[in-house]
Amino acid sequence: MFYYVLGSHLKARGLPPLRPIYSRFSKTRDYWNCSRYVANWTHISNTVNPVGCPNNSGSVLRIWNQTCKAIRQGARQQSRSPRTRPGLAFVAGPALVTVAVKLYGNVAHCQMDFNNNQPFLLEKKPKQEPEFNWTEFWKFLRPQLLSLLAAIVLAFGTAILNIQIPLMLGDLVNVVARFTREHTGNYLNEVKGPAMKLLGLYGLQGILTCGYITLLSRVGERVAADLRKSLFIALLRQDVAFFDANKTGQLVNRLTTDIQEFKSSFKLVISQGLRSITQTAGCLVSIYLISPKLTGLILVVLPTLVAAGALIGSVLRRLSRKAQEQVAKATGVADEALGNVRTVRAFAMEDREAHLYSLEVEKSSNINEALGVGIAIFQGLSNLALNCIVMGTIFAGGYLVAGEQLSAGDLMSFLVASQTVQRSMANVSILFGQIVRGTSAGARVFEYMTLESTIPLKGGGTIPYHSLIGHVQFKDISFSYPTRPGHDVLKNFNLDLPPCKTVAIVGHSGGGKSTVAALLERFYDPCCGVVTLDGHDIRTLDPSWLRRNVIGFINQEPVLFGTSIMENIRFGNPDVTDDKVYAAAKQANAHNFICSFPDGYKTVVGERGVTLSGGQKQRIAIARALIKNPSILILDEATSALDAESERVVQEALDRATSGRTVLIIAHRLSTIQGADVICVLSNGMVKEAGTHTELLKKGGLYAELIRRQRTEGQQ
Ligand SMILES: Nc1ncnc2c1ncn2[C@@H]1O[C@H](COP(=O)(O)OP(=O)(O)OP(=O)(O)O)[C@@H](O)[C@H]1O
């Protein structure tokens, strides 16, 4: 097939047909090039990635062009000595490696920029890449050290065998050659000994290959799974300010693509690096001593091998797709948790989310391990098959080389040894690029793992339930967001939330109302001043306890998780019974509409609750907040996104939910807060007015102005 395709290509380019060139090479004993191309093509089939590695297409094109170029040269320079060519390979090899490293380095650099979403061609000063953290890497590698060492020993053994095999082949061919020269004795009996030795060597090589790839795959998968879990936990631990500054997609990318890239590079560097360097050094020594002949027969068997490879490859590709789907599933869980980090934080559910993610990662790790075993078997078998081809060539070639002056054994040894050198050198060049890509991906992974949050998730005091009153005070608070340091949102802000009273904050949009709620939730700490709960600075209290047990938070656009209604309500308190869930749903005016669904509480709400109406989502969010029986309830514009009917139903639920609790209402629509015990008007980051609705109206200040404006807007 190769012969046919190459012939057509030469014809199309107006070059002489292949057969005369080949025969001229043969006549002049200058078919080193031809055998080299055959070896290259054999190498491609040998290194075909069963799951479709893009590098292979590059290799095919490269070797195709090399083949055509060299055949053209061969046609012009038939008289060149075959023994000068390996010398050229010595000179060209390192140069090619250098070029390859540069090219791969550039490719990796472009990819890094792309991952950072930076316009890398226009960017004058690209963002500094983080350094690779070897200490952190060692922490993950240490538990897998035994498997890794075993893999290294097996890979080393494979490399040693690869150096031995050409020499053993030479011995075998010498027996063949002697028989063809002398025609004495029984041919089969004589070749049996060395052939069996060689077969044993091939078998051992196959087993070692299978062994080290399986072990490396296990090490890679386990390190990658541990990295994913740790990075995810590290990300969930970060301050809310960290998520203000980083895009969720980029964070998820570190969990998926970067770890994948790092894992692949790690496996490749260990397996191929060790093997290639050992083989190159060993085979380079012997390659000068021998010369090649008789390789055309390989082409007869090659199509069958390619067909078998394609068959196994398709099975492995299916497995690979499954593995990718599972990785995407795990990414989906991570994406949702990180995208909804405020909700997770408000309910102190970091541990549960980490657990859910761990389960998905475990599944993906198992599929990938199975894929690794499949690839290992594939590579072991293909190695065995290719080596058998070489053996077959020697048997047939024995008859053909009889009578020639050149030792047939040396010829065969050179063929295999040169093939090994080429393969190893090609691998080394690929390897350098892989190291660049792998370490930069690893550096991005470790960067966030070592990042400490300023507000810890857990730790600090708690107030016993029976003595918790729910008295909140904001004292002389000044605050600006970490992402906008110069912009003061609150200045000398003071506010008192008496126990079991409802305090409403009103004011212009962007005045800092939601910021007050964020400070109470301890999403951020104030720059100056202090927030107290029953006289305790909340910075001394356990943030997890505060969010999980004390504060219930309902905002304008409640975010639900893509599971059942039951699980969504239980997010507020995973330990409660079903009856408590029903009671909370009834209190939130949600029970009736939930029961009207065919699946009732088992109804899956879709991603972020997309299958529910705004009012329904809001009532489930109220039930979710109520189920933890919070002492303090924050309602951040909880009804502002609803129509009149939904607002009435939700308001009814809220009125019920707020009784007996300290309530902070952040409101746009002033009609909803007229019954509040205290209304504060926030302007320029300070409380400008405070009092009841009637008192503030009488005063005729900012509040009266807001009411007047809203009435006018309502009439228009
Ligand atoms: N995460 C953030 N990072 C930086 N700045 C922020 C952040 N959140 C809000 N801001 C800014 O802080 C200021 C106050 O925002 P806040 O959301 O507290 O206002 P608000 O009174 O609740 O507004 P609205 O009534 O429109 O919801 C605004 O200028 C806003 O742009």
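Counting convention: from 1, in listed order, for ligands and their atoms alike. No experiment lies behind these values; they were computed from the predicted model shown.
- When each of L533, V531, T532 is paired with Q473, the side chain to side chain contact (heavy atoms under 4.5 Å, CB included) condition holds for T532 and for no other.
- Sequence neighbours left out, the pairs with a member in residues 571-589 that pass salt bridge (Lys or Arg N to Asp or Glu O under 4.0 Å) are R570-D578.
- Ring pair F493/F474 is perpendicular by interplanar angle, where above 60° counts as perpendicular and below 30° as parallel.
- In this structure, F140 and F446 have tilted ring planes: the angle between them lies in the 30° to 60° band.
- Contact check for T662 versus T502: no side-chain heavy atoms found under the 4.5 Å cut-off.
- A perpendicular orientation is assigned to the rings of H591 and Y582, their planes being inclined by more than 60° (bins at 30° and 60°).
- Within 4.0 Å of ligand 1, protein heavy atoms come from D244, Y481, T483, R484, H487, V489, H508, S509, G510, G511, G512, K513, S514, T515, Y524, E637, H668.
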